[in-house]
Trainee: 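Supplied in structure tokens, the structure appears directly below.
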Amino acid sequence: MTISAFAQFSNLGKGVSYSVEMSGAVSGGEHAPFWLTANRYGVPSVESNSGYVRGGVVRSVANDSARHWGVGYGADVVVAANNVSVFFVQQLYADVRWLKGMLTVGQKQQPMQLKNGELSSGSQTFGINARPYPEVRLALPDYWNVPGTKGFLAFKGHLAYGAYTDGGFQKDFAWGYGSYDRHVLMHTKAGYLRFGKADKPFTVEAGAEMASQFGGTHYRFYNGHYIEQKHGRGLSSFLHAFMGGGADPIDGEKANNEGNMLGSLLLRLNYDTPQVAYGLYADHFFEDHSAMFLLDYDGYAYENGQMVKKDSRYLLYPPKDMMLGADVHFKKQKWVTDAVLEYVYTKYQSGPVYVDRTPNIPDHIGGVDNYYNNSIEPGWQHWGQTLGNPLYRSPIYNDDHQLVFECNRFVAWHLGIAGQPTKDLRYRIRASWQEGIGTYDKPYSDPRHNVSVGAEARYDLGKLCRGLSVTAALGMDRGSLMGNNTGGSLTFRFER
């Protein structure tokens, strides 16, 4: 046993890869083009001209795939110019796997689920647009066949608690302009079921992703002064983040859940053939129960001058807000290997009216969900970038220095295409059209539109130097949502 353990630990220096990356971007316009920076885990700057040098070391747990348990780790640091940070740690983590279970401690970039991570516009809850934060994460990262189902039913998912690292950025960005938060904690969980055997052509995947921001200190900007509001960080707060319940300091008599809770319901259909793999998927975002279940309890009415509970009274909400997508993977093609088409609609948000029951008004209507925003939490962002889908224009772009999403009601179409014409050359193209109307509280006087296009090609220079590649990218924005921006970037990467 001791010899076996010693042999295992002696392998921790094997299978290690090293990388160095240098990138520079030049743009004409107020910002860098949208698809030069979006869905890159928050590393590139949104400023018009910027650059960075990045270095990392990684050992994947896949090196121990032949063993019951495995160990992986990674460190990834960035030195940047014209960014919100001159130096930052992008990743620093350790993975410990036992059979199919994985414990991750630290800050690690996690992939999107049930979508094409290279071409999709992004998941609405757990996207790849912002910097990761440190967490303790227990996961089944790959599907585990449920016993007794003969492989027909499989499950994967995760449970995690973490902490924001952007409190200083929030204060610097919003000081004197608006509210901000510090020392915010995060709870996330997700579960996905696969129906159908993995080796069969047709499978169905269904899942739920949920998150809760809690435990921070909110600095509310009021009449030119800041009012400090501390939120709970005790055991009960951690339980409420996991199970729901509790209340925030400003809730008063109408207590809601503690913290900012949100999430998505996901569905994906797969049809796999020897030549082509097809997928259809939906991502329904929610901020509360009315959007989560499209049903809200409204069980009170007047009878003989008194308020009486009525179990039969409910409000139904139409399923208007949705991200719908289709992707295809051509297994025997080169010029076009993958394609994605997505439609995103977020204008409804359970309707334009929110009314709580009062002694004189028996009805409760749960509208104005205000996606990604929250009155006492930092909203669904980290370091100014949305943690979800970047089509929700991130606060980092706000000239008024408000840490809010100023356009969360929109409709958008997105197209992505990728291919590998030769062994050494791979490309991708992403294009989005969007019409935004602001928020319910602050609508635009007229709809604002935007077209963003990004194209990039990566060429492997292995014949010149093994492990060296170069990526050239061009991007363009046109419209009143993102402005008129045109630019390009050049990235050299060495990995071995």
Side-chain angles (χ1 to χ4, degrees), residues 101-108 110 125-126 130 132-140 157-168 170-171 179-191 207-222 226-265 285-293 295-297 299 309 354 356-357 364 366 369-382 387-388 403:
M102 181 94 78
L103 174 66
T104 299
V105 179
Q107 188 166 302
K108 183 181 180 182
Q110 299 290 346
T125 299
F126 299 143
Y133 49 84
E135 62 180 351
V136 177
R137 182 185 183 100
L138 186 63
L140 283 171
H158 85 267
L159 175 69
Y161 283 92
Y164 269 39
T165 62
D166 70 341
Q170 288 195 41
K171 181 178 179 179
S179 302
Y180 65 92
D181 291 77
R182 302 198 70 175
H183 312 301
V184 176
L185 302 178
M186 176 75 85
H187 165 65
T188 64
K189 52 182 173 282
E209 300 176 342
M210 297 187 68
S212 176
Q213 299 166 311
F214 70 103
T217 300
H218 181 64
Y219 296 87
R220 184 165 65 94
F221 192 57
Y222 181 74
Y226 280 97
I227 301 173
E228 183 181 284
Q229 297 171 333
K230 290 188 176 182
H231 302 158
R233 298 172 68 92
L235 178 60
S236 62
S237 296
F238 279 78
L239 291 174
H240 291 150
F242 175 71
M243 302 179 62
D248 289 310
I250 66 170
D251 282 354
E253 294 181 357
K254 301 186 187 322
N256 202 342
N257 288 328
E258 184 175 354
N260 178 30
M261 293 191 176
L262 50 86
S264 287
L265 299 178
F285 182 75
F286 58 85
E287 287 271 3
D288 56 22
H289 292 90
S290 64
M292 181 178 183
F293 300 110
L295 181 72
D296 202 8
Y297 179 69
K309 187 174 182 179
Y354 182 91
D356 273 316
R357 179 178 60 85
H364 167 79
D369 288 342
N370 203 9
Y371 292 168
Y372 285 20
N373 287 321
N374 189 268
S375 60
I376 59 172
E377 299 289 350
W380 198 231
Q381 65 85 42
H382 191 225
L387 287 157
L403 280 167

Trainee: OH/Tyr372 to CZ/Phe285 distance, rounded to the nearest 0.5 angstrom?
Mentor: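 Atom-to-atom, Tyr372:OH and Phe285:CZ are 5.5 Å apart.
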
Trainee: If we count only N and O atoms by modelled type, under 3.5 Å, do the side chains of Ser237 and Glu258 hold a donor and an acceptor together?
Mentor: yes

Trainee: Taking the side chain as everything from C-beta on, heavy atoms only, tell me whether Val136 gets closer than 4.5 Å to Leu103.
Mentor: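 Contact flag for Val136/Leu103 side chains = yes.
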
Trainee: Whether the His231 and Glu377 side chains hold a donor-acceptor pair (N or O, under 3.5 Å, no angle test) is what I'd like checked.
Mentor: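 Checked: His231/Glu377 side chains pair up, N/O donor to acceptor below 3.5 Å.
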
Trainee: Report yes if the distance between the aromatic ring centroids of Phe214 and His187 is under 6.0 Å, otherwise no.
Mentor: no

Trainee: For Lys171 and Arg182: C-alpha separation, side-chain torsions, deciding distance, then whether side chain to side chain contact (heavy atoms under 4.5 Å, CB included) applies.
Mentor: CA-CA 8 Å; Lys171 181 178 179 179; Arg182 302 198 70 175; 4.0 Å; yes

Trainee: List the atom of Asp369, the atom of Glu287, and the distance in Å for their closest heavy-atom pair.
Mentor: O-CG, 3.8 Å

Trainee: To the nearest 0.5 angstrom, please state how far the OG atom of Ser212 sits from the CG atom of Leu262.
Mentor: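 Going from the OG atom of Ser212 to the CG atom of Leu262 covers 8.0 Å.
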
Trainee: Kindly determine whether Met186 and Asn260 satisfy side chain to side chain contact (heavy atoms under 4.5 Å, CB included), including the steps that lead there.
Mentor: CA-CA 10 Å; Met186 176 75 85; Asn260 178 30; over 6 Å; no

Trainee: With rounding to the nearest 0.5 Å, note down the distance linking CD1 in Ile376 to CD in Gln229.
Mentor: 7.0 Å

Trainee: Is there a donor-acceptor contact under 3.5 Å from the side chain of Arg233 to the main chain of Leu185?
Mentor: no

Trainee: Answer yes or no: is there a donor N or O on one side and an acceptor on the other, between the side chain of Trp380 and the main chain of Asn373, under 3.5 Å?
Mentor: no

Trainee: Once rounded to the nearest 0.5 Å, what's the spacing between atom CG of Asp181 and atom CG of Asn374?
Mentor: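 So the CG of Asp181 and the CG of Asn374 are separated by 8.5 Å.
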
Trainee: Is the distance from the ring center of Tyr226 to that of His218 below 6.0 Å?
Mentor: no

Trainee: Is it the case that the ring center of Phe286 lies less than 6.0 angstrom away from the ring center of Phe293?
Mentor: no

Trainee: Can you find a pair of side-chain heavy atoms, one from Pro132 and one from Gln107, that are under 4.5 Å apart?
Mentor: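 Yes; the side chains approach each other to less than 4.5 Å.
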
Trainee: Can you name the closest pair of heavy atoms from Ala211 and Thr188 and give their distance?
Mentor: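 Result for this residue pair: CB-CG2, 4.0 Å.
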
Trainee: To the closest 0.5 Å, what do you measure between CD (Gln381) and CG (Leu403)?
Mentor: 5.5 Å

Trainee: Determine yes or no for a side-chain-to-main-chain donor-acceptor pair under 3.5 angstrom, with Lys189 supplying the side chain and Phe242 the backbone.
Mentor: yes

Trainee: Side chain to side chain contact (heavy atoms under 4.5 Å, CB included) between Gln213 and Tyr164: does it pass, once the steps are laid out?
Mentor: CA-CA 9 Å; Gln213 299 166 311; Tyr164 269 39; 2.6 Å; yes

Trainee: Please check if any side-chain donor atom of Thr165 sits under 3.5 Å from a side-chain acceptor atom of His382, or the reverse.
Mentor: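 There is such a pair between these side chains.
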
Trainee: Applying side chain to side chain contact (heavy atoms under 4.5 Å, CB included), run through His158 and Glu135 and close with a yes or a no.
Mentor: CA-CA 12 Å; His158 85 267; Glu135 62 180 351; 5.7 Å; no

Trainee: In Å, rounded to the nearest 0.5 Å, how long is the span from CD of Glu228 to OH of Tyr219?
Mentor: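 One gets 4.5 Å once the value is rounded to the nearest 0.5 Å.
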
